[in-house]
**Q** 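For reference, the structure I am asking about is given below.
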Amino acid sequence: MKRRHRGPTLLDFLNGGKGSKKEIEKKGNGNGKEKKANTAQVKVIERRVNRSIETSTLSYFVKAEKPKHVQATPKLSSTRRALRVALPASAGARDYSVLMKGAPEASEGSEYYLFQVLYDGHRGKAVLLLYDEKKHEIVEWVDTYGHKPYFLTDVTPEEARRMGITREETFAGMDVVYRYDLLNKELKRLTKIYTTDPLAVRKLRDKVPTAWEAKIKYHDNYVYDLGLIPMLKYTVKSKRLVPMPHRITGEEVSKVLKAFEEESEEFKNMAISWIPVFEAPPPHIKAVAIDIEVFTPSVGRIPDPEKAPYPITSVAIAGSDGLKKVLVLLRNDKRLTEEEIENLKKQDFEVEFYDSEKALLLELLRIIRQYPVLITYNGDNFDLNYIFHRAKLLGIPDDMIIFKKSNDMFTTKHGIHIDLYQFYDINAIKTYAFGNKYKEVNLDAVASALLGEHKVQITKSISELNYDELVIYNFRDAKLTLNLLTFNSWLPWKLMVLISRISKMSIEDVTRKQVSAWIKNLFFWEHRRRRYLIPNKEDIERMKGSIKSSAIIKGKRYQGAFVFEPVAGIFFNVVVLDFASLYPTIIKKYNISYETVNEPNCKKYIEAPEVGHKICQDREGITPLIVGLLRDYRVKIYKKKAKDKSLDDRLREWYNTVQSAMKVYINASYGVLGADSFELYCPPAAESITAFGRYAIKATMNYAEKNGIVVLYGDTDSMFLWSPPKEILDKIIAWVKEKFGLEIEIDKVYKFVAFTGLKKNYIGVYPDGSIDVKGLLGKKRNTPLFVKQTFIQLIDMIKEINTPEEVVETRRKVKEVVKQLYTNLRRQYYDLDELAFHMQLTKPLEAYTKNMPQHVKAALMLKRFGVEVGQGDVISFVKVKGSEGVKPVQLAKLPELDLDKYFDVIETTLGQILKAFSIDSAYLSGTSKLEAFLSH
DNA sequence: CAATTCGCTATCGCTC
DNA sequence: GAGCGATAGCGAA
């Protein structure tokens, strides 16, 4: 273990560099690689008074009877003097030696949740991070199975020897193994070549003509080979890792078996083995959220964390155990006033002031070390990165900096780090788990959408804030961050736990990777469990043939769903029939999988309509098995449990989370088959799925029409039927079941639907007056507020309609409201904010090379003005006269607006509603079509 | 490292 | 200036 004996000591930096007589105690220099934990102990004398004040939890260094020390802070040196004076003899020492201790070893017989598998380069072994739920700490278990990195090849051991592979330095042995090859339907005799370390796989795999399973990360391989399920309980018995059996009643088992009684034996066995995944309770954890503020001289510029040039001025800490604390750095150019102290006393968190940034950081590290789970918002990119480099810069020894960097992420040496920014940025989480409630993924947007709480609004830059403002601002961020993990009885955490168990991926990976990575991991795990060879992507593409359909939209690879062209108008009593999760059901029903599509030597197959791919029915495919299991579990068991009033609220909530985790998975299962980045990419499978879907919906629509029902609309898996008698609905449902084996059900019953005549564009009103607005411009977030307000006003009028007669009356009122809006606009009734368009920069500014869209123009103007803008930001701009045509709302003035553009916005946005009432918007405007106006 | 296609609207940037 | 394909964003399913 390398230790510097010269150079600055801990005490030096804590005491501000001046020679001090206090000593750093060092004990037992842990030499040798086996011992990770350095046992050196360092004692540090505290530099602030920990006083408890009756009325608040604020503790600060100033003695109440000596306020002058606080106020006299013109220079750093006098601050120090003040601190020294204020430091009481009783100040206890804090033990910082803990920073150098890694995770302890797992002990025999204890129960743990499996959190993570890592490869430890020093030990050359797999290391498992296990969570002790009683002690709330993470312990390590080092592999005792002698598991090694490897890959597979069809080169025989003899040939491998001849080729010189066995003489390679990184060669570590070989075995003959058998794997079933799903693509070629044969049992393959393969050579398993072990290597000394995971990186060596890359080198050796290139020495053989064909290698399989050679690009799988080592820690994933370990999980597959041992059949591990993260976030379930394990124990250590005779140095081996053993899963803790999950106890379930016979009743539960028979319930599951009954739900799946028509399924294959393989399906049933799998279903039983999956019970713990959904039923085992999630681990209770001790977590801490942190957020830092950095002094920045220039406004709006985010300092480079790799350089960490400026001091960390404040750190807020919020623990799931109730810890609420802010560590603040005193600045020599800013004095702390009585008023600020009084204000801080009123807060419900503790504040500690430091005159040394190093001491502050050390204390921060010490606190984080007490929590096995660290939570941040954008910690990978900023906070942890900044702390890491800042700590180095300030001379804190490497082995006291408890973070480690791997690839683009940061984590702690003693536990795990969840970066909630990464988690909330996952598309599948946005859409399926949180219903697109937030669009921008910054803390304020996500917190206000999910928690209903905002960041503290500040108008000044961080560096200009007073101490109390800074601290209050900072703490809110840490609190919001913690809440984004724990709100709704820890819903996000539970969701992570479930996705981790389903995907067999650690929480750290699950929260940083997109849905295709989750699905890939589950599929690979299930392949390995069955000793199936994990195929190479090129082989699937080569063997499964090409795409037969052509997409309707240019640039797309294959044809997707069918959309019915609706007629504009208002229709009363509309019933919507819906195929319940159509694509996953098709996958299951028609046995669509990468191996079953155009399978060689197939005896019995079904041909996909239009595209003609032959889907083999000889044996159950792996995709139908996995997707079918999740779908059936969700539909037959967990959707029901989530609504079961006989269960207590907590359990019901859990089951609701279970079913929504499944939903995320199921909904993406079709999409990944058509994504060329997916390891099991199989476009013929994807286009077969949509082809079956089009066939089913069109045939059902025809059947409805044959039975005298008017089909008003339909999209992908839904049909809007005009006032259908119940017996005919039942007839259709039964026919679909009989003809296709698919489930179709009544999804919604509308009092009436207003169709605008456009696809994906309608207003549905329920009997109770609640509404669905789909696709209308007035609903889109880029639409300016002034039209949106009127849009909402119109919707509110529309939902009051009860009879066809009332439509005529409402029609008249709608016209009036729209006319009024034109008048208001002409009279400049609206302010700039109400007139602003809002558009997101979906790419970095430099990436707009093909053209220059308006929001990008506006963004560039903001940038020139000194405002930091970039990818993911929503730009608010108005349309102005002149060559540029736009201006960011911050820089524009009312008189320069191009009103004509705004009249156009009214016309297109509200025109959609008017069309449903068959009103031509043109004659209402009076500007765009003058003749039309005059003729009325 | 990244799930899909279909549909609507506005604008850009080029050609005639 | 009209026409038109490409680009971009947002939404439905």
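By convention in this document, chain letters (A, B, ...) are assigned in the order of the sequence lines, proteins followed by strands, and residues within each chain are numbered from 1. What you see is a predicted model; the values in this text were computed from it and never measured. When reading the values below, keep in mind they use all heavy atoms of this one structure, side chains included, and skip hydrogens, waters and symmetry mates.
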**Q** For A:Gln514 and B:dA3, is the shortest distance between a side-chain N/O and OP1 or OP2 below 4.0 Å?
**A**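 For A:Gln514, the contact criterion (side-chain N or O under 4.0 Å from OP1 or OP2 of B:dA3) is met.
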**Q** Can you find a side-chain donor-acceptor pair between A:Ser549 and A:Gln559 that sits under 3.5 Å?
**A**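 No - no donor-acceptor pair under 3.5 Å links their side chains.
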**Q** Using the C1' atom as the reference point in each nucleotide, state the distance between B:dA3 and C:dA12 in Å, no decimals.
**A**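 Result for the C1' pair: 16 Å, nearest Å.
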**Q** Would you say a side-chain N or O of A:Lys780 is under 4.0 Å from OP1 or OP2 of C:dG11?
**A**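 So the side chain of A:Lys780 is outside the cut-off, no N or O lying under 4.0 Å from OP1 or OP2 of C:dG11.
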**Q** A:Tyr762 side chain N/O closer than 4.0 Å to the phosphate oxygens (OP1, OP2) of B:dG7?
**A**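 Answer no for this pair, as no side-chain N or O of A:Tyr762 is under 4.0 Å from OP1 or OP2.
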**Q** Specify the residue among A:Lys513 and A:Gln559 whose closest nucleotide of DNA chain B lies further upstream toward the 5′ end.
**A**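 The residue mapped nearer the 5' terminus is A:Lys513.
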**Q** For A:Lys850 and C:dG9, what is the distance between atoms NZ and C1' respectively, to the nearest whole Å?
**A**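 Roughly 15 Å, once rounded to whole Å.
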**Q** Hey, is the side chain of A:Gln854 poking within less than 4.0 Å of OP1 or OP2 on B:dT11, counting only N and O atoms?
**A**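 Yes, A:Gln854 has a side-chain N/O under 4.0 Å of OP1/OP2 on B:dT11.
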**Q** Across the strands shown, which category fits A:Ile553 at heavy-atom distances under 4.0 angstrom: base, sugar-phosphate, nothing?
**A**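 Touches a base.
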**Q** Is the shortest side-chain N/O distance from A:Lys843 to OP1 or OP2 of C:dA8 below 4.0 Å?
**A**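 Checking A:Lys843 against C:dA8: at least one side-chain N or O falls below 4.0 Å of OP1 or OP2.
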**Q** Under 4.0 Å, heavy atoms only, any strand: does A:Tyr583 hit a base, just the sugar-phosphate, or nothing?
**A**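 The residue A:Tyr583 makes no contact with any strand.
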**Q** Does A:Lys439 place a side-chain N or O at less than 4.0 Å from the phosphate oxygens OP1/OP2 of C:dC10?
**A**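 A:Lys439 to C:dC10 OP1/OP2: no side-chain N or O under 4.0 Å.
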**Q** In whole angstrom, what separates A:Ile429's CD1 from B:dA2's P?
**A**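 Rounded to whole Å, this separation is 14 Å.
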**Q** In whole angstrom, what separates A:Ile875's CD1 from C:dC10's P?
**A**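 Taking atom P of C:dC10 as the reference, CD1 of A:Ile875 is at 11 Å.
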**Q** Does OP1 or OP2 of C:dG9 have a side-chain N or O of A:Thr842 closer than 4.0 Å?
**A**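 So the side-chain polar atoms of A:Thr842 do come within 4.0 Å of the phosphate oxygens OP1 or OP2 of C:dG9, strictly under.
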**Q** Within the 4.0 Å heavy-atom criterion, would you say A:Lys915 contacts the bases, only the backbone, or no part of the nucleic acid?
**A**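 No contact.
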**Q** Taking A:Tyr681 as the fixed residue, which of A:Asp676, A:Leu673, A:Ile540, A:Val672 is the one that meets the side chain to side chain contact (heavy atoms under 4.5 Å, CB included) rule?
**A**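 Only one of A:Asp676, A:Leu673, A:Ile540, A:Val672 forms a side chain to side chain contact (heavy atoms under 4.5 Å, CB included) with A:Tyr681, namely A:Asp676.
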**Q** For A:Lys217 and B:dC1, is the shortest distance between a side-chain N/O and OP1 or OP2 below 4.0 Å?
**A**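 Yes.
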**Q** Do the side chain of A:Arg557 and the main chain of A:Gly674 share a donor and acceptor less than 3.5 angstrom apart?
**A**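 Present.
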**Q** When we call it a touch if two heavy atoms are under 4.0 Å apart, what does A:Gln912 touch: a base, just sugar-phosphate, or nothing?
**A**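 The answer is sugar-phosphate, as A:Gln912 gets under 4.0 Å only of primed atoms, P, OP1 or OP2.
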**Q** Give A:Phe562 one of three labels, base, sugar-phosphate or nothing, depending on what nucleic acid heavy atoms sit under 4.0 Å from its own.
**A**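 Nothing: the residue A:Phe562, judged by heavy atoms under 4.0 Å, touches no strand.
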**Q** What do you reckon, are the aromatic ring centroids of A:Tyr713 and A:Phe564 less than 6.0 Å apart?
**A**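 Not close enough - the centres of the two rings lie 6.0 Å or further apart.
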**Q** Could you state the atom-to-atom distance from CG of A:Asn436 to C1' of C:dA13 in whole Å?
**A**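 Atom-to-atom, A:Asn436 to C:dA13, this comes out as 12 Å.
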**Q** Please work out if A:Ser516 contacts a base, only the sugar-phosphate, or nothing of the nucleic acid, heavy-atom cut-off 4.0 Å.
**A**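 Sugar-phosphate contact only - A:Ser516 comes under 4.0 Å of backbone atoms but never of a base.
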**Q** How would you label the contact of A:Ala517 with the nucleic acid (heavy atoms, under 4.0 Å): base, sugar-phosphate, or nothing?
**A**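 Result for A:Ala517 = sugar-phosphate.
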**Q** Are A:Tyr377 and A:Phe382, when compared by the centres of their aromatic rings, separated by less than 6.0 Å?
**A**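 Between A:Tyr377 and A:Phe382, the centre distance exceeds or equals 6.0 Å.
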**Q** From CD1 of A:Ile697 over to C1' of B:dT5, roughly how many Å is that when rounded to an integer?
**A**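 For the pair A:Ile697 CD1 and B:dT5 C1', the rounded distance is 16 Å.
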**Q** Ignoring backbone atoms, establish whether A:Lys759 has a side-chain N or O less than 4.0 Å from OP1 or OP2 of B:dG7.
**A**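 Result: yes.
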**Q** Hey, does A:Leu777 reach any base, or is it just sugar-phosphate, or nothing, if we go heavy atoms under 4.0 Å?
**A**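 Sugar-phosphate: the residue A:Leu777, judged by heavy atoms under 4.0 Å, touches backbone atoms but no base.
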**Q** Tell me the closest heavy-atom pair linking A:Lys404 and A:Leu118, and the distance in Å.
**A**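 So the two residues come closest at NZ-CD1, 4.1 Å.
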**Q** For a quick check of understanding: with a heavy-atom distance under 4.0 Å over all strands, which category does A:Ala675 fall into, base, sugar-phosphate or nothing?
**A**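 The answer is sugar-phosphate, as A:Ala675 gets under 4.0 Å only of primed atoms, P, OP1 or OP2.
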**Q** Taking only the side-chain heavy atoms of A:Thr716 (C-beta and beyond), determine which of B:dG7, C:dA12, C:dA13 contains the nearest atom.
**A**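 Per side-chain heavy atoms of A:Thr716, the pick is C:dA13.
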**Q** Write down the distance between CD1 (A:Ile689) and C1' (C:dA13), rounded to a whole number of angstrom.
**A**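 Result: 15 Å.
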**Q** Given B:dG7, B:dT4, C:dG9, identify the nucleotide with an atom nearest to the side chain of A:Arg557.
**A**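 Per side-chain heavy atoms of A:Arg557, the pick is B:dT4.
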**Q** Quick one: A:Asn427 CG to C:dG11 P, roughly how many Å, whole number?
**A**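 Spelled out: CG on A:Asn427 to P on C:dG11 is 14 Å.
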**Q** OP1 or OP2 of B:dC6 less than 4.0 angstrom from a side-chain nitrogen or oxygen of A:Lys554, does that happen here?
**A**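 No, because none of the side-chain N or O atoms of A:Lys554 sits under 4.0 Å from OP1 or OP2 of B:dC6.
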**Q** State whether A:Lys774 places a side-chain N or O below 4.0 Å from either non-bridging phosphate oxygen (OP1 or OP2) of C:dA13.
**A**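 So the side-chain polar atoms of A:Lys774 do come within 4.0 Å of the phosphate oxygens OP1 or OP2 of C:dA13, strictly under.
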**Q** Of the nucleotides B:dT5, B:dG13, B:dG7, which has the atom closest to the A:Asn851 side chain?
**A**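 Selected nucleotide (nearest to the side chain): B:dG13.
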**Q** Begin from the C-alpha positions of A:His613 and A:Asn598 and carry the test side chain to side chain donor-acceptor pair (under 3.5 Å) through to its verdict.
**A** CA-CA 6 Å; A:His613 298 297; A:Asn598 300 327; 3.1 Å; yes
**Q** Just call it for A:Gly671: base, sugar-phosphate, or nothing, with non-hydrogen atoms closer than 4.0 Å on any strand.
**A**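 Base, at least one base heavy atom under 4.0 Å.
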**Q** With a 4.0 Å limit, can you tell me whether A:Tyr848 has a side-chain N or O closer than that to the phosphate oxygens OP1/OP2 of C:dG9?
**A**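 For C:dG9, OP1/OP2 do have a side-chain N/O of A:Tyr848 under 4.0 Å.
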**Q** I need the CD-P distance between A:Glu440 and C:dC10, as an integer number of Å.
**A**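 Going from A:Glu440 (CD) to C:dC10 (P), I get 10 Å.
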**Q** Taking donor-acceptor contacts at under 3.5 Å, does the side chain of A:Tyr670 reach the base of C:dA13?
**A**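 Donor-acceptor pair under 3.5 Å: no.
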**Q** When you measure from the side-chain N and O atoms of A:His855 to the phosphate of C:dG9, is any distance below 4.0 Å, counting only OP1 and OP2?
**A**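 Yes, A:His855 has a side-chain N/O under 4.0 Å of OP1/OP2 on C:dG9.
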**Q** Can you tell me if the side-chain N/O atoms of A:Gln840 get under 4.0 Å from OP1 or OP2 in C:dC10?
**A**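 Checking A:Gln840 against C:dC10: at least one side-chain N or O falls below 4.0 Å of OP1 or OP2.
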**Q** So, do A:Tyr224 and A:Trp525 have ring centers that fall under 6.0 Å from each other?
**A**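 No: the rings miss the under 6.0 Å criterion.
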**Q** Give one of base, sugar-phosphate or nothing for A:Lys879, where a contact means two heavy atoms less than 4.0 Å apart.
**A**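 Result for A:Lys879 = sugar-phosphate.
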